Each structure stands twice: as structure tokens, then as C-alpha cells.
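This report concerns only the one structure given below.
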Amino acid sequence: MEGHVFETHPRANPGAVVQGAQYRFTLLSERLIRFEWAEDGQFEDRASTFAIDREFPVPRFRIVDGDELEIITEYFHVSYTKQKFSPESLVFHFSGKSVKYGTPWRFGTPTEFNLGGTARTLDGVDGRCDMGQGVLSKAGYAVLDDSKSMLFDGKGFVAPRQAGDRADWYLFCYGRDYKAAIKAFYAVSGKQPVVPRFVLGNWWSRYYAYHQDEYVALVDKFLEHSIPLSVAVLDMDWHYVSDERVPHAGWTGYTWNEKLFPNPKKFRRDIHQRQLRITMNDHPHGGIHAHEAAYERMALFLDHDTRDRNPILFDPASPKFMEAYLSILHHRLELDACDFWWIDWQQGPYSKIPGFDPLWLLNHFQYLESKHYGSVPLIFSRYGGPGSHRYPIGFSGDTVVTWESLAFQPEFTATASNIGYGWWSHDIGGHIRGIRDDELLIRWTQLGVFSPVMRLHSTSSRWNSKEPWLYGDECFRVMARFLRFRHRLVPYLYTQNVSGSFNDEPLVQPMYWSWPNEPNAYEVPNQYFLGSELLVAPIVQPRDKRTNLASVKAWLPPGKRFVDIFCGTVYDGGRMVTLYRPIDKYPVLAPEGSIVTLTSEACPGNGCLNPSGIEALVIVGKDGRARLIEDVVDDDFFKERVAPAPNLRVAWNIEFIQATGKLTARIPAGKLNLNLRFLGMNLKPQDFRLLGNGRDLKNDGIDVRLAQYGNKPCLSVFFSDFVSLQPTTITISLGPDPQLEVVDHTASLEELIRGYQAEVRMKDQLWNAIEEGKGRPLCIISSLLALGYDEAIVGPLVELITADSRPCPGWMS
């Protein structure tokens, strides 16, 4: 398969190798070592599914070679008896630079305090599941066993491991420098690719036998409700399933069901005209039966005897079968109506050749094949093991519709980054069984909006479909609002996607990645950063019926204040806090120095095209920088498919300097549609300067106003239809060292208590405690607690009273 050769550098620098008759150690860095044992003395220099690059500069190390072998770097010390690897023969000792309190690791014994990895699937999982191991550990070291993985032969196909008794392991010794460990992982296993922009929008997915006109009408109905979409998913019913000609269970198929899709090319045109891409489900395990349209061509190519009309069995271990599968079976359907494939393999890791996992074969070759017909390669499939990050997007499987499933998904998504897997797509809202619960669907939708991929999904049950308008008014309104916000967030997400690929950082990161020595960072496994600017604390439990508020215990890191981007509340960092939110709010906080770029359109259209205008949320208090990246090709993709165009990128650069209070936006030439919102700022418009390419712009129709964002102050600057034929530099001067406004929360506290579904007497007691303690926050809290009401009642009030510890000129003074 010559067209499927890809670049690898699997042979290590000879100067980094320490080798004996049956052992070999390869120093990939001072903190990463490969160690092999082979009974026959034959070692492996081909790329594996995990390790495709081992060619690195020789690190600093020294050896002591006698009856025993010692290999010493600044971070670890290997002690080896030169016998077969065992707990007695091979020991790794660690320096204080890498493992502060750890103990030596002996080969074959459990490692300590691993922070987890991910799982192949969530099929049928209701709550938690085992997430395996990643390359990060609180102990400071982690190991990865690569002994049984598939190999790449360098000629376009794969090869099995050599037979015999052998071991092939890697040890990562990066202490608690978790980001460095992941960079090392990517260096060996390959970078995470940039995903296409449309991936970041809303996907519609349902296991349902749609007629093509019905599907197009559904997309139109979403648009009627101003809810944008970017991907149309076709589950298995696009092909024949229960037709009398199908001699099997119907999961596998490669012939259009003409009753449902009489004109696939028209369906493709209709969907593309609406700015959506199409992905189609493939369960390949059933092979190609005689009723399939491609049966004769496949048989001719594979020399398959058709006299008895026997099926062509699925054989991914055969290079010739895989070539036919991709070039004959799939390519014909791609020309009809498929932009990328949903590979739904569920039949385990076995094939005719030991070590050849069909999932790996499907993911690898379909991803490489997609380069030939798409501008950016893409598949949608399950996780196969370390190295799977090279083949986005991940499909996590059929989730059970329960609060327990929702409660586990944020942790599952964040923890996957510990094995470099950053692009999970979940069945948002759940797929099977469970109950109808509008609140559960809302909270799941909100999580999806702040996840790598937002894909609504459900079964064919008429009672479980996720169209927002099929639910109650509250659910419809909140779902629609957040689904619109997802498309507004695409400029930020796409930039983070590009920079994350370049800098070797997944989009979602657990809190301990940036605060590894803070114990509280490990106590909030559901909490994460989405990109560099947004802290997400998902709500995964129902609201209290008395307050109509749901809560989440969050940890705000030290050193900065944080602003909730939906309600504008300012919080002190460096503490645990319980956040309470009504159903239409979600805890997403930006630290001081953040600049979050959104599309300025309140109701963006389908497809995630480059926006006509940008809204930047700016949080003063620290220096901040944002680089907004766009690809020109994203505006032209829906023309008929041609050879991939080069990615011509343009960038907006926005920088804020706290000491001077000066924001500078450098913007490409053209029509300038830019909204700048300084959240938490109460500065009067006349108190700052506004320059464009050095010229005063205040009299050029620029709209400057002091407004509300949520229910908190916000200084807004609107450049509406401002046109410049040259690149434009906008400068806004807020004055030296501007700070977030200290807010009087009296009105918000009153609004909270008014909304409580509780006795008037209780409300009077709560309000009296607040009124009598004005100017003395601790007294207010003490009085509230003394009333004896439970946390659900008192907690929301305490949250606001303690949000910002700075004295307020009003009631908090």
C-alpha cells in the first residue's frame, strides 16, 4: 500500500544506546528511557503504534559497566543485573529532582499514584469505569509497556512483533512537570493533529432511519430556531439493514438504501449548501455480501470466487483487502455523500495475525486515506491505545442516560489528556436506557458546549430524540442559547486547537497540570481548563427544589482573581468554593489577564465559517495576550472537492499590558467588526483614549458605552463596519494598573432570596442577617449559619458575600 507510507524516525541515535547480548537501553532524553529484553538478542527498530520517532539528540548520561550495569542521568539511576527483566534484576532509582518522596521502581511491580489515562469505550457504562494508566503520576514517574503493539513496516502496511520472549518498555521520569511529560510523549508518538474548524461546531447525531428529505428538513428546522449545526451524522440506516436481501444482522452495509436515500449526491448537495459536513457510520465486521453494489468489483480485485455468492470476509490483516476496502468500497461512497467516516468497530482487538488489532488498522489507514480526498484528514472512531491521538476524533460509545454517566464524563475527558488523547466526542444527552429528565439534558448540553466536541446523540426511540423544541420551554430556551454560544466560541476553540497542536498541549487539561504541587488541584477531577483561558467547573447534579440552584465544589487557583463569563461575578483565587447556578447559567471562569475571542454574531450560522466580526472578552488585572487564528480555506470548502488548498492563515493579535492599562489589537486589512468587552470594568467612556493607527477614533462613530454584562458592570467598545484598507492597530488606554470593579451584591442577594421556594419567615430571617451585618461580612456569615438552615439555603448567599474579599465602598465597607 504505497500510498500509505508516512514519515517516521524509529531508529535511535547510536550514541544513546547501551546494549548487551539480550538487553538494550535507549536514552531518549535525560528523563525518558526505553528498555528492551529479547531472548534471541534481536531488537526492534521499526515504528510501533505508540513509538514512531526515537531519533533524538544524545542526552547526558554515564554508565558503570561491570558484572552489573548502571545507567545514570540527572533524574534516574538504572541498576541492572543483566538477567531477564524482573523485580530482582532491574531497578530504577530516582533523584530528588524527579521524585521527591517516591521509592525505587522494580520492573514488573505496580507503579504508584498514576493519574490515569482513558478507556477504549464507554459502551454501556453507567457511572465510572477503569481509565487505565497515563504517563503522568504524582509519584513522578510512569511506565508504558509497548511489548505487544503492532508495528509499521515502512512500506505502507503493518507487521507483527517478532516471536519469542521479549519486553519493550518506556519509563517517563518527569516529576510533576506534567506538561513536559506530555511533550515527551508527543515527541515519541507524534503530534496531535489540528482538527478542521467545522469539528468544533454542533453535531447532530441520532440512531434513526431518516429519509434524506426528512434529514434536510430537520437541519432547516434547527436553522428556523436559530440553532446552528456543523456536522450531519448518518448512523447505520443509510445502508440496507432489515431488507429481505440482507442475509445477516444488518449492522454492516455498503449499499445505499434507495427507499431512504434515493439520490445520495443530491443529499450531499443539500447538506453542503446548508454549510454542514457529512459523516457516515461503518460497522465493517460483517464483510461484503453478494447483495452489495460493490461486491463484484471487490471480488474481481481480490480474486474471490463468486460462483456460490459467498461473502467476502472482513480481513484487515490483509494488505490487499485493506486496499480494496479503502479504494473501492469507501471511495465510491465518499464521492456520493461522505466527508469523513464514523468507524464503529466493537468486536475486540483480534484478527488473523496476533497483535493486529482491527481498530488500529481501521483508524490508521482510514485516517491516512482521508488525506487524499479532504483538505484536512479526519476520522471518527474509538480509542485504540497509546498513539491513538494521531487519529482524531474519538467516539466514546453508547452512554447510559443517567446523572451518574454525566457525573463521570468531565473527569473521563480531562484524564484522557494524561495519555495525550485530547479529542473525545461523547453522546451528549446520553444514548440508551435511562429516563426523561429535562434538567439532565440541559446540564449535559452545557458540558458538551465546553467539551472538545459537541455532539447531540440519541437512540431511535421517539421518546429520546434530542431536538431542543421537543422539550419543555425552559429546556428549549436554555439548550438553544448554549448551542448558539458553542458556535460563538469557535474562534477561541480553533485558535486553541492550532496552538495546542504546535505547543503539544491538549485542549482540555486537568487542574493539576498547571498546579502540580497544590493538593486541592487533585481534589477536583471534574474541573479543567478548556484552552488557556477558560476554567470549567461542570454541574453534574440536579438543582435544589427550594432554591432552583445547582451547585459544584470548585477550586480556584492562587495568584489571580476570576470572572464568571456568564454572570460577571468576580472571585478571589487560592481557595475552594461552592458555586451555585440557576439552570440558565454555567460556571465558566476566566482568570485575570484572559482575552477570550468569540464571534460577534449573537446567532451564528451553520458550518463554523470564519466570522465577519469578533467579540473579545478582556479581564484586566494581569498582562494578557490572544492570537486569533483563521484559515482562509475554511470559507471555500463547500465548493466541489478539489485537491487540498494550502492552509493560508491570517491572525489577529490582541495584547493587554496591566502596568500601563493599554490594550493593543493588531488586525488584518478589511472590514473591521470588533467588539471589546472589559468585564468587571466600571470606567467611564470619557476616562480612556482610543486610537487607530495612532489617530484619535473617538469621533469616528465608534460606539463606546458602560453597560451590564450579566448583572455586573462592563465597559464595551464597538467598532461596527469600521473599514480599513491597511492592517489596523487599535489602541485603548484605560489608565495605569486598572482593576476589576468591587461590586455591591445587595441586589443580587435580594434576588436570590426572592427566588427561593420557601417560607416567608425563612426569607425574613435570611434578609435580616444580611441587613444587620452590613459592613461586616464575617458577621453576616456567622448570623446566616446560626439560623440552622442547610447548606443549599445558606450556601448561595455565602458564595456572593465571600466572592471578592476586597472592601466595597457600599454595604461591605
Side-chain angles (χ1 to χ4, degrees), residues 9-46 48 50-51 53-114 133 135-147 162 164-177 180-181 183-185 187-189:
H9 302 274
R11 189 177 293 274
N13 192 314
V17 175
V18 180
Q19 184 172 339
Q22 293 177 304
Y23 65 84
R24 183 169 72 169
F25 293 84
T26 305
L27 281 296
L28 301 175
S29 79
E30 290 181 325
R31 311 177 77 168
L32 175 57
I33 186 170
R34 181 191 189 196
F35 45 107
E36 300 166 89
W37 191 86
E39 187 176 40
D40 58 7
Q42 300 296 311
F43 301 105
E44 188 55 69
D45 284 322
R46 289 170 292 182
S48 72
F50 159 62
D53 194 349
R54 307 185 189 99
E55 186 181 26
F56 302 107
V58 178
R60 290 184 299 174
F61 70 96
R62 55 192 175 93
I63 62 173
V64 178
D65 194 0
D67 291 338
E68 297 186 0
L69 174 67
E70 297 178 61
I71 303 173
I72 305 166
T73 78
E74 193 174 356
Y75 298 92
F76 58 77
H77 185 147
V78 182
S79 174
Y80 176 49
T81 66
K82 300 185 179 179
Q83 302 301 309
K84 181 179 178 180
F85 291 168
S86 70
E88 294 75 28
S89 69
L90 180 58
V91 184
F92 289 82
H93 303 268
F94 305 105
S95 75
K97 285 189 174 184
S98 54
V99 180
K100 192 171 183 180
Y101 304 111
T103 57
W105 179 69
R106 294 179 175 272
F107 180 85
T109 64
T111 55
E112 296 183 300
F113 308 117
N114 194 279
Q133 295 200 338
V135 297
L136 312 184
S137 169
K138 290 175 72 175
Y141 71 92
V143 296
L144 192 156
D145 182 2
D146 197 35
S147 305
Q162 300 176 72
D165 193 358
R166 57 190 72 249
D168 187 355
W169 289 62
Y170 294 78
L171 183 136
F172 292 75
C173 184
Y174 285 83
R176 294 193 178 180
D177 190 348
K183 288 180 188 295
F185 174 87
V188 174
S189 198

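All figures in this text were calculated on a predicted structure; none of them were measured in a lab.
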List, one per line, each side-chain donor-acceptor pair under 3.5 Å for residues 59-71, sequence neighbours excluded.
{"residue": "Arg60", "atom": "NE", "partner": "Glu30", "partner atom": "OE2", "Å": "3.1"}
{"residue": "Asp65", "atom": "OD1", "partner": "Lys82", "partner atom": "NZ", "Å": "2.7"}
{"residue": "Glu70", "atom": "OE1", "partner": "His77", "partner atom": "NE2", "Å": "2.6"}

Subject >> Sole candidate of Trp105, Tyr75, Phe25 that passes ring pair (Phe, Tyr, Trp, His ring centres under 6.0 Å) when paired with Phe92 >> reply: Trp105
About how many Å separate [atom2] of [Y] and [atom1] of [X], when rounded to the nearest 0.5 Å?
X: Phe172; Y: Asp177; atom1: CZ; atom2: CG; result: 13.5 Å
X: Leu90; Y: Glu88; atom1: CG; atom2: CD; result: 11.0 Å
X: Tyr141; Y: His93; atom1: OH; atom2: NE2; result: 12.0 Å

Can you give me every donor-acceptor pair (side chain of residues 33-44, partner residue at least two apart or in another chain, under 3.5 Å) with its distance?
{"residue": "Arg34", "atom": "NE", "partner": "Asp168", "partner atom": "OD1", "Å": "2.9"}
{"residue": "Arg34", "atom": "NE", "partner": "Tyr170", "partner atom": "OH", "Å": "3.3"}
{"residue": "Arg34", "atom": "NH1", "partner": "Glu44", "partner atom": "O", "Å": "3.2"}
{"residue": "Arg34", "atom": "NH2", "partner": "Glu36", "partner atom": "OE1", "Å": "3.2"}
{"residue": "Arg34", "atom": "NH2", "partner": "Glu44", "partner atom": "O", "Å": "3.1"}
{"residue": "Arg34", "atom": "NH2", "partner": "Asp168", "partner atom": "OD2", "Å": "2.8"}
{"residue": "Glu36", "atom": "OE1", "partner": "Arg24", "partner atom": "NH2", "Å": "3.3"}
{"residue": "Glu36", "atom": "OE1", "partner": "Glu44", "partner atom": "N", "Å": "3.4"}
{"residue": "Glu36", "atom": "OE2", "partner": "Arg24", "partner atom": "NE", "Å": "2.7"}
{"residue": "Glu36", "atom": "OE2", "partner": "Arg24", "partner atom": "NH2", "Å": "2.9"}
{"residue": "Asp40", "atom": "OD1", "partner": "Gln42", "partner atom": "N", "Å": "3.0"}
{"residue": "Asp40", "atom": "OD1", "partner": "Arg166", "partner atom": "NH2", "Å": "3.1"}
{"residue": "Asp40", "atom": "OD2", "partner": "Arg166", "partner atom": "NH2", "Å": "2.8"}
{"residue": "Glu44", "atom": "OE1", "partner": "Arg46", "partner atom": "NH2", "Å": "2.9"}
{"residue": "Glu44", "atom": "OE2", "partner": "Arg46", "partner atom": "N", "Å": "3.0"}
{"residue": "Glu44", "atom": "OE2", "partner": "Arg46", "partner atom": "NE", "Å": "2.7"}

Between [X] and [Y], what is the shortest heavy-atom contact and its length?
X: Ser29; Y: Tyr174; value: OG-OH, 3.2 Å
X: Asp146; Y: Ser48; value: OD2-OG, 2.7 Å
X: Ala181; Y: Leu136; value: CB-CD2, 3.5 Å
X: Phe94; Y: Cys173; value: CD2-SG, 3.5 Å

**OP:** With sequence neighbours left out, write down each residue that passes side chain to side chain contact (heavy atoms under 4.5 Å, CB included) with Arg106, or none if nothing qualifies.
**Re:** Pro87, Val91, Thr109
Below 4.5 Å, heavy atoms only, C-beta onward: do [X] and [Y] meet side chain to side chain?
X: Arg31; Y: Thr73; answer: no
X: Tyr80; Y: Ser89; answer: yes
X: Phe185; Y: Leu32; answer: no

**OP:** For the pair Val58 and Leu27, evaluate side chain to side chain contact (heavy atoms under 4.5 Å, CB included) and give the outcome as yes or no after the intermediate values.
**Re:** CA-CA 7 Å; Val58 178; Leu27 281 296; over 6 Å; no
Partners meeting side chain to side chain donor-acceptor pair (under 3.5 Å) with [X] (sequence neighbours left out):
X: Gln83; answer: none
X: Thr26; answer: none
X: Gln22; answer: none

Subject >> is_close_aromatic(Phe85, Trp169), centroid dist under 6.0 Å >> reply: no
Original post:
Would you say the side-chain atoms of Ser137 pair up with the backbone N or O of Glu112, donor to acceptor, closer than 3.5 Å?
Top reply: yes
